[in-house]
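Taking it in order: structure first as structure tokens, then the write-up.
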Amino acid sequence: MNVVLIGYRGTGKSTVGNIVAARLGRQMVSTDKEIVRRAGSPIPEIVAAHGWEYFRDLESAVCQDLAGRDNLVIDTGGGAILRQQNVDVFKQSGLLIWLTASVETIAARIGSDTQRPSLTGTKSHVEEIRDVLSERMPKYQAAADVTLATDGRSIEELATAILQHLQSTESRVHP
């Protein structure tokens, strides 16, 4: 069974995922890093040259490939849940864990990140986070098997909580 981390950018998926992978002795895979590797360009360049729809097509192909593997910890891009097909393939082989954070926490975490292109192109940083998060919230909620708030919690606490949910899920699936 895969551990699939979903959530808005800056909620801690990569950081927590690396700890979970290390504790489980599993490979950690980032869908965004895999897209960059396959395309040979950073995400802002992919989006600038080809648009968001093309990027989402690449993302769906990566999600499909990773979902076909087992015992991975997968850090998904924040928009992976926008396409139901991505959620469906991950649910077949994984436990989907939604990492949440307040708008303020997300803004503080991703404020200076230039590898994350604007999703709206016209709004302030905080307005964009608030609007996009509001739009995506129902999709995250529908996709998630488990929801964990990351505000005010250490990486170690979150990793332990994920491992407990995984153990509980695996014991129900394989008694």
Side-chain angles (χ1 to χ4, degrees), residues 1-38 43 58-111 113 115-116 129 132-134 136-175:
M1 176 178 286
N2 293 322
V3 174
V4 182
L5 303 175
I6 63 172
Y8 195 76
R9 50 170 118 175
T11 55
K13 298 182 305 284
S14 299
T15 306
V16 174
N18 281 318
I19 300 295
V20 170
R23 286 199 193 168
L24 291 171
R26 294 185 181 184
Q27 181 182 1
M28 164 73 169
V29 183
S30 161
T31 59
D32 283 352
K33 286 181 182 172
E34 183 60 18
I35 291 165
V36 167
R37 187 187 70 74
R38 290 182 186 191
I43 291 171
L58 293 174
E59 182 176 58
S60 291
V62 167
C63 290
Q64 179 77 39
D65 291 349
L66 295 178
R69 296 168 58 190
D70 196 22
N71 292 320
L72 297 175
V73 175
I74 302 169
D75 155 26
T76 64
I81 47 78
L82 294 174
R83 289 191 175 172
Q84 187 60 43
Q85 69 193 51
N86 298 340
V87 174
D88 292 344
V89 297
F90 280 136
K91 281 207 173 270
Q92 291 172 12
S93 63
L95 177 67
L96 276 71
I97 299 174
W98 176 25
L99 299 183
T100 68
S102 70
V103 171
E104 295 74 25
T105 297
I106 293 169
R109 289 177 182 168
I110 68 172
D113 190 341
Q115 290 307 303
R116 301 173 200 245
I129 294 167
V132 174
L133 195 54
S134 173
R136 291 181 181 176
M137 187 108 30
K139 292 185 180 289
Y140 288 130
Q141 287 171 329
D145 296 310
V146 175
T147 302
L148 293 174
T150 64
D151 296 284
R153 295 176 78 179
S154 74
I155 301 303
E156 294 297 327
E157 283 178 270
L158 292 164
T160 297
I162 290 169
L163 293 173
Q164 288 170 342
H165 284 290
L166 180 63
Q167 184 177 26
S168 172
T169 300
E170 287 182 333
S171 68
R172 285 194 309 268
V173 173
H174 305 288

With the side chain counted from C-beta on, respond yes when [X] and [Y] share a heavy-atom pair under 4.5 Å apart, and no when they do not.
X: Met137; Y: Trp98; result: yes
X: Ile74; Y: Val3; result: no
X: Ile6; Y: Ile97; result: no
X: Thr147; Y: Thr100; result: yes
X: Tyr8; Y: Ile106; result: yes
X: Val73; Y: Val29; result: no
X: Met1; Y: Leu166; result: yes
X: Leu72; Y: Arg26; result: no

Between [atom1] on residue [X] and [atom2] on residue [Y], distance to nearest 0.5 Å:
X: Asp75; Y: Asn18; atom1: CG; atom2: CG; result: 8.0 Å
X: Ile129; Y: Glu104; atom1: CD1; atom2: CD; result: 9.0 Å
X: Asn2; Y: Asp70; atom1: CG; atom2: CG; result: 5.5 Å
X: Arg83; Y: Ile81; atom1: CZ; atom2: CD1; result: 12.0 Å
X: Arg9; Y: Ser14; atom1: CZ; atom2: OG; result: 12.5 Å

When you measure from the side chain of [X] to the backbone N and O of [Y], does any donor-acceptor pair fall under 3.5 Å?
X: Thr76; Y: Leu5; value: yes
X: Asp151; Y: Ser102; value: yes
X: Lys13; Y: Gly7; value: yes
X: Lys91; Y: Ala143; value: yes
X: Gln167; Y: Gln164; value: no

Next on the checklist: Please evaluate residues Leu66 and Arg69 with respect to the criterion side-chain contact (heavy atoms from CB on, under 4.5 Å), reporting the C-alpha separation (whole Å), side-chain torsions for both, the decisive distance (0.1 Å), and the verdict.
Outcome noted: CA-CA 5 Å; Leu66 295 178; Arg69 296 168 58 190; 3.7 Å; yes
Item to check | Derivation and outcome, salt bridge (charged side-chain N to carboxylate O under 4.0 Å, His left out), residues Asp65 and Arg38 | outcome: CA-CA 12 Å; Asp65 291 349; Arg38 290 182 186 191; 2.7 Å; yes
Checklist entry - Please walk me through it: do Ile162 and Leu148 pass side-chain contact (heavy atoms from CB on, under 4.5 Å)? => result CA-CA 8 Å; Ile162 290 169; Leu148 293 174; 3.5 Å; yes
Item to check | Minimum heavy-atom distance between Ser93 and Ala67, given as atom pair plus value | outcome: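 Shortest heavy-atom contact: OG-O, 2.9 Å.
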Item to check | Shortest non-hydrogen separation from Ala161 to Arg153 and the atoms involved | outcome: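 That closest heavy-atom pairing would be CB-NH2, 3.9 Å.
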Next on the checklist: Evaluate Leu163 against Val20 for side-chain contact (heavy atoms from CB on, under 4.5 Å), listing each step before the verdict.
Outcome noted: CA-CA 7 Å; Leu163 293 173; Val20 170; 4.0 Å; yes
Next on the checklist: Do Arg23 and Thr160 pair up side chain to side chain, a donor and an acceptor below 3.5 Å, judged on atom types alone?
Outcome noted: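 Yes - a donor-acceptor pair under 3.5 Å links their side chains.
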Checklist entry - Distance only, no hydrogens: is a donor on one side chain within 3.5 Å (strictly under) of an acceptor on the other, for Gln85 and Ser60? => result yes
Next on the checklist: I'd like to know whether Val4 forms a side-chain contact (heavy atoms from CB on, under 4.5 Å) with Leu95, so could you lay out the CA-CA distance, the side-chain angles of the two residues, the decisive distance to 0.1 Å, and finally the verdict.
Outcome noted: CA-CA 6 Å; Val4 182; Leu95 177 67; over 6 Å; no
Next on the checklist: Is there a side chain to side chain donor-acceptor pair (under 3.5 Å) between Arg109 and Thr150? Walk through the geometry before answering.
Outcome noted: CA-CA 12 Å; Arg109 289 177 182 168; Thr150 64; 3.2 Å; yes
